[in-house]
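Here's the structure, in structure tokens; my notes come after.
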Amino acid sequence: MRCPKCGEIDDKVIDTRPSDGGRSIRRRRECIGCGYRYSTIERVENIGLKVVKKDGTRQDFNRDKLMEGLSSACSKRPVSNENLTKIVSEVENLLGEQKNGEISTQSIGELVMNRLRELDKVAYVRFASVYRDFTDVSSFAKEVEEINKDI
């Protein structure tokens, strides 16, 4: 692991602990060169999981891309980064159980929206507006009405 401060390759692991319910390992490291301390997270890669886009193209699943979408939807909302990481991990674990190795963006969006709806209604509507591809104000208003029924 390269030190993020000085670029040195040599480091030592100070602490190791399970994270994310045992699905990843968090390591605290110290650079041998400059003494800078930093954390890394190791997790099993979901090799081979393909995401089928709306236009039919296929891409490798990208955890970071999902996290960016969630972060954008939760911008300026009282939602912690820990909550977002938990959602991404839950969705990623469910996707890992896919037998055929492919899943649509629509299915991923639904999994995320189910979790966001419980966490923050405004973030849910923001996320839904992208995944459900609202084309006009009435479809947006209909979604807000559905949320208000739950309250």
Side-chain angles (χ1 to χ4, degrees), residues 1-31 36-136 139-140 142-144 146-147 150:
M1 188 65 55
R2 196 172 287 275
C3 174
K5 187 173 181 184
C6 73
E8 178 68 40
I9 293 177
D10 290 331
D11 67 8
K12 65 181 175 181
V13 175
I14 298 169
D15 183 38
T16 300
R17 66 180 71 170
S19 179
D20 194 22
R23 291 182 287 267
S24 61
I25 295 176
R26 179 185 168 109
R27 297 192 195 280
R28 190 76 180 138
R29 298 174 181 268
E30 182 176 353
C31 176
Y36 182 72
R37 291 184 175 199
Y38 56 100
S39 296
T40 59
I41 296 176
E42 298 175 21
R43 67 177 48 88
V44 174
E45 255 184 338
N46 283 332
I47 308 270
L49 182 62
K50 297 287 185 183
V51 176
V52 182
K53 309 290 270 180
K54 289 179 186 177
D55 64 2
T57 59
R58 286 164 172 72
Q59 294 181 354
D60 290 333
F61 174 76
N62 186 338
R63 177 187 174 90
D64 295 332
K65 196 170 182 181
L66 182 57
M67 187 66 170
E68 286 173 22
L70 272 170
S71 295
S72 179
C74 295
S75 175
K76 298 182 182 177
R77 297 297 306 153
V79 179
S80 71
N81 200 37
E82 182 180 298
N83 284 333
L84 298 182
T85 302
K86 182 179 175 187
I87 290 172
V88 171
S89 294
E90 288 174 2
V91 169
E92 188 177 33
N93 289 333
L94 288 171
L95 297 179
E97 297 170 2
Q98 294 295 316
K99 300 281 188 261
N100 65 1
E102 289 187 346
I103 189 160
S104 68
T105 54
Q106 195 66 31
S107 297
I108 294 172
E110 291 296 326
L111 290 170
V112 171
M113 286 187 296
N114 290 338
R115 284 153 181 78
L116 263 183
R117 188 175 190 141
E118 298 169 11
L119 188 62
D120 187 279
K121 305 290 189 223
V122 173
Y124 164 78
V125 172
R126 288 177 178 174
F127 196 86
S129 69
V130 173
Y131 270 89
R132 294 215 172 123
D133 198 21
F134 294 155
T135 54
D136 56 23
S139 58
F140 189 84
K142 183 179 175 187
E143 192 67 37
V144 172
E146 287 294 318
I147 289 174
D150 293 345

Determine whether Val52 and Thr105 satisfy the following criterion, side chain to side chain contact (heavy atoms under 4.5 Å, CB included), listing intermediate values before the conclusion.
CA-CA 6 Å; Val52 182; Thr105 54; over 6 Å; no
Of all heavy-atom pairs between Ser107 and Ile103, which one has the smallest distance, and what is that distance?
CB-CG1, 3.6 Å
State, with a plain yes or no, whether a side-chain heavy atom of [X] is found less than 4.5 Å away from one of [Y].
X: Cys74; Y: Leu84; result: yes
X: Ile87; Y: Leu111; result: no
X: Cys6; Y: Tyr36; result: no
X: Asp15; Y: Arg17; result: yes

Stepwise side chain to side chain contact (heavy atoms under 4.5 Å, CB included) test for Ile41 and Arg43:
CA-CA 7 Å; Ile41 296 176; Arg43 67 177 48 88; 3.6 Å; yes
If only atom types and distance count, is the side chain of [X] paired as donor or acceptor with the main-chain N or O of [Y] below 3.5 Å?
X: Ser39; Y: Arg28; result: no
X: Thr85; Y: Asn81; result: yes
X: Asn93; Y: Ser89; result: yes

In a table with atom names and distances, give each donor-acceptor pair under 3.5 Å that connects a side chain of residues 123-130 to protein atoms at least two apart or in another chain.
| unit_1 | atom_1 | unit_2 | atom_2 | d |
| --- | --- | --- | --- | --- |
| Tyr124 | OH | Arg117 | NH1 | 3.4 |
| Tyr124 | OH | Arg132 | NH1 | 3.3 |
| Tyr124 | OH | Glu143 | OE2 | 2.5 |
| Arg126 | NH1 | Ala73 | O | 3.0 |
| Arg126 | NH1 | Ser75 | O | 2.6 |
| Ser129 | OG | Arg126 | O | 2.6 |

So how far is it from [X] [atom1] to [Y] [atom2], rounded to the nearest 0.5 Å?
X: Glu30; Y: Cys3; atom1: CD; atom2: SG; value: 10.0 Å
X: Ser71; Y: Met67; atom1: OG; atom2: CE; value: 4.5 Å
X: Leu119; Y: Lys86; atom1: CG; atom2: NZ; value: 9.0 Å

Side chain to side chain contact (heavy atoms under 4.5 Å, CB included), that's the test. Do Leu70 and Leu116 meet it? Break it down for me.
CA-CA 9 Å; Leu70 272 170; Leu116 263 183; 3.6 Å; yes
According to salt bridge (Lys or Arg N to Asp or Glu O under 4.0 Å), who are the partners of [X], at least two apart in sequence or on a separate chain?
X: Arg63; value: Glu92
X: Arg26; value: none
X: Arg77; value: Asp120
X: Glu42; value: Arg27, Arg29

Once side chain to side chain contact (heavy atoms under 4.5 Å, CB included) is applied, do any residues pair with Asp64, and if so which ones, sequence neighbours excluded?
Asn62
Just jot down the side chain to side chain contact (heavy atoms under 4.5 Å, CB included) partners of Lys76, sequence neighbours excluded, or say none.
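Expected list: none.
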Filter on ring pair (Phe, Tyr, Trp, His ring centres under 6.0 Å), then keep only pairs touching residues 62-103, sequence neighbours left out; what's left?
none
Run the side chain to side chain donor-acceptor pair (under 3.5 Å) test against [X] and tell me which residues pass, sequence neighbours left out.
X: Lys5; value: none
X: Glu102; value: Arg58
X: Lys50; value: Asp60
X: Tyr38; value: Asp11

Hey, mind stepping through Lys54 and Gln106 against side chain to side chain donor-acceptor pair (under 3.5 Å) and telling me if it holds?
CA-CA 8 Å; Lys54 289 179 186 177; Gln106 195 66 31; 5.0 Å; no
Given Glu8 and Arg2, is the side chain to side chain contact (heavy atoms under 4.5 Å, CB included) satisfied, shown in steps?
CA-CA 6 Å; Glu8 178 68 40; Arg2 196 172 287 275; over 6 Å; no
